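What you see is a predicted model, and the numbers here were worked out from it, not measured in a lab. Proteins get letters first, then strands, A, B, ... in listed order; numbering begins at 1 in each.
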Number of protein chains: 2
Amino acid sequence: MNPATRREKLFDMSPRRSDPGIRTGLVDVAARLLSEHGPRALSARRVAAEAGSSTMALYTHFGGMSGLVREMVREGFVRLEQHLSAVGATDDPVADMALLGRAYRRNALANSHLYAVMFGGSSLAGFSLGEEDRQAGRYTLLHAVECASRCSAAGRFSAIIPELTASQMWIAVHGLVTLELGGYLIDPLDADRCFEAQLVGLMIGAGDEPEAATRSVAASGQRLEHVCRAE
Amino acid sequence: MNPATRREKLFDMSPRRSDPGIRTGLVDVAARLLSEHGPRALSARRVAAEAGSSTMALYTHFGGMSGLVREMVREGFVRLEQHLSAVGATDDPVADMALLGRAYRRNALANSHLYAVMFGGSSLAGFSLGEEDRQAGRYTLLHAVECASRCSAAGRFSAIIPELTASQMWIAVHGLVTLELGGYLIDPLDADRCFEAQLVGLMIGAGDEPEAATRSVAASGQRLEHVCRAE
DNA sequence: CCCGTTCGCATAACGATGTCATGAATCCGG
DNA sequence: CCGGATTCATGACATCGTTATGCGAACGGG
C-alpha cells in the first residue's frame, strides 16, 4: 500500500488530535531549515530531530531525503501559483504582464533557496527534477500566455505566438532573479534598476510602443503594493 | 606561505619531469568527474583516487573540497572569457552582440554543471561564491558593454546606458541557459527557438528597428560556425 | 471484550562522506 | 651535506543517507 494513501486514511481518522501530522511537520521543518540556514543545514537527522521524530519517519513517509525535497518543491509550485493567481486582469494587459513578473520575482525572493531547486538546477540532497515537476513549472507559464493573448488582442503586442512571448518574459525574469540571488546584480546596476529596465525592454521587444510600455510598467509598480496587501 | 605560490615555485622549477603537477591533475580530474558524472560524483576520495594521490594532497593544495571547486570556478571564468574574446568586432555591432550571446550560451552548454556553480547558485560541496568570484563573473559583462556602446554609436540602439543594455542581454541569455539546462524548454518552444526570438526581442527592446534586428541576428547565426571553427 | 495482524516509528548499525592529526619521505637553502 | 620546511600517505573522527530489526499502538474479526 502506498504510504501516501496510508497517511490519507490516518489523517481522515485522526488518531491523535494533538498530533498535527508528522508528515506535514517534517515538510514544514525542512522548509524552515532550508530557508533560514541554507541547503547545508538540510540533513535527515536534523530535520527529524527538530520535528520531534526519528529519521525513520522520514523514510516511511517520503522514501528518503530526495522525496522530502520533492514534497517541498511541490509546495513551492503551488505557492508560486498562488502568487501569480493573485494578479488579476485589468483593462491594461501590459501592466498585468509586468505585474505577473513582479509577483514571480517576489515569490522567488521570498523562498530563494527553494526557488534555486525548482528552477535553478540546484541539486539538493541528491534530488533532481522529474518530468512532472518540470511540467508543474511550465504550468505557471499559462498565466503569462493568457496575458500575452490579451496584450495582442488589445493591439499592444505585435507578436503572433503568445506562448513564445510568455516564454521570453519567463526567461528574462528568471534570469534576473537567479543572478540577483547569486549576488551578481549590485550597486550601479542593482537588481531593482535592472528589473524595471527589463520589464520595459520586454514589452517593447514584444511590440508595444516605448511610451506606452513605460507608462504601463510604472502603473504596475504602483499596483504592486495593492496586490501584496491582498495576500 | 600560500599554497598557490608554493605550487607556483614548484611548477617553475619542475622537480619531476614525469609529474605534470598534482595540483593541476586534481583540478582536471575534478572537472572531468563533474562534467561527466554530475555533482554527486565529486567526492574528495574519488577525485584523489582517480588523480593517483591521497585525499591529503587535496587539502595541502586547496584547503578542502570547496577550495577545489573554487579553482574549477576560476578556470570556468577564464574559459568563458576565451569564448567571448573569440567574438571580434565587425561593421554590424548588433550582429556582434547576438554573437556574444551565442558564444555565452555555447560555453554554458559545453560546461553545464560548472556553469550552474558559477552563475546558477548551485551549492556544490559546500562552496559558495566569494565576492572576487562574482567580480570575475561581472567582468565578462565588459564585452557586451563595449558592444552596446558600438551599437549606440552606430545609431542602432537608442538606450543611453550601455552597461544597463549589456546587463539586460546577460540576464536574458543567462535565464535562457539555466532554464534550458533545467530541462524546462521543450518541444513546441524549445531552447533554440526561444533563443532566436530572445535575441531579436532584446535588440528591438534596446531600440533597434525590427527588420534590422532580425537581419543582424540571422547574420550572426551564419557567422557562428565561423567562430566555432576558429576555436 | 480480546487477540492476531498490521502499521508507524525508534534504535542501532553500515557504508561513505569531509576533515584533520600523525608521521614518513622528500625538497631546498645554507 | 645537513636541518628546517613541505608534500603527501595512513588512519581516525564526526556526520551524512540509508536500512535491518524490533517494539508498541491501533485495527478488525471472533
Ordered by number, residues from residues 46-55 of chain B within less than 4.0 Å of DNA chain D (heavy atoms) are B/Ser53, B/Ser54
Categorize [X] for me: base, sugar-phosphate, or nothing, with a 4.0 angstrom heavy-atom threshold over every strand shown.
| X | answer |
| --- | --- |
| A/Gly64 | sugar-phosphate |
| B/Leu58 | nothing |
| A/Met56 | base |
| A/Leu68 | nothing |

Of C/dT19, D/dT18, C/dC9, the nucleotide closest to the side chain of A/Thr60 is C/dC9
Tested for side chain to side chain contact (heavy atoms under 4.5 Å, CB included) against A/His83, the lone hit among A/Asn107, A/Leu100, A/Val78 is A/Asn107
Start with the C-alpha gap between A/His61 and A/Glu71, add the side-chain angles, then the distance that decides, and say whether side chain to side chain donor-acceptor pair (under 3.5 Å) holds.
CA-CA 10 Å; A/His61 284 294; A/Glu71 202 61 30; over 6 Å; no
Going by heavy atoms in the side chains, are [X] and [Y] under 4.5 Å from each other?
| X | Y | result |
| --- | --- | --- |
| A/Leu124 | A/Leu34 | yes |
| A/Phe62 | A/Val69 | no |
| A/Leu42 | A/Met65 | yes |

How many Å lie between [atom1] on [X] and [atom2] on [N], as a whole number?
| X | N | atom1 | atom2 | answer |
| --- | --- | --- | --- | --- |
| A/Phe62 | C/dC9 | CZ | C1' | 14 Å |
| A/Arg23 | C/dC7 | CZ | P | 17 Å |
| A/Leu26 | C/dA10 | CG | P | 9 Å |
| A/Arg45 | C/dA10 | CZ | P | 14 Å |
| A/Leu124 | D/dG17 | CG | C1' | 13 Å |

Sorted by position of nearest nucleotide on DNA chain D, 5' first, the leading residue of A/Gly63 and A/Arg40 is A/Arg40
Residues, nucleotides or ligands: over 12 heavy atoms within 6.0 Å of A/Arg40 CZ:
no
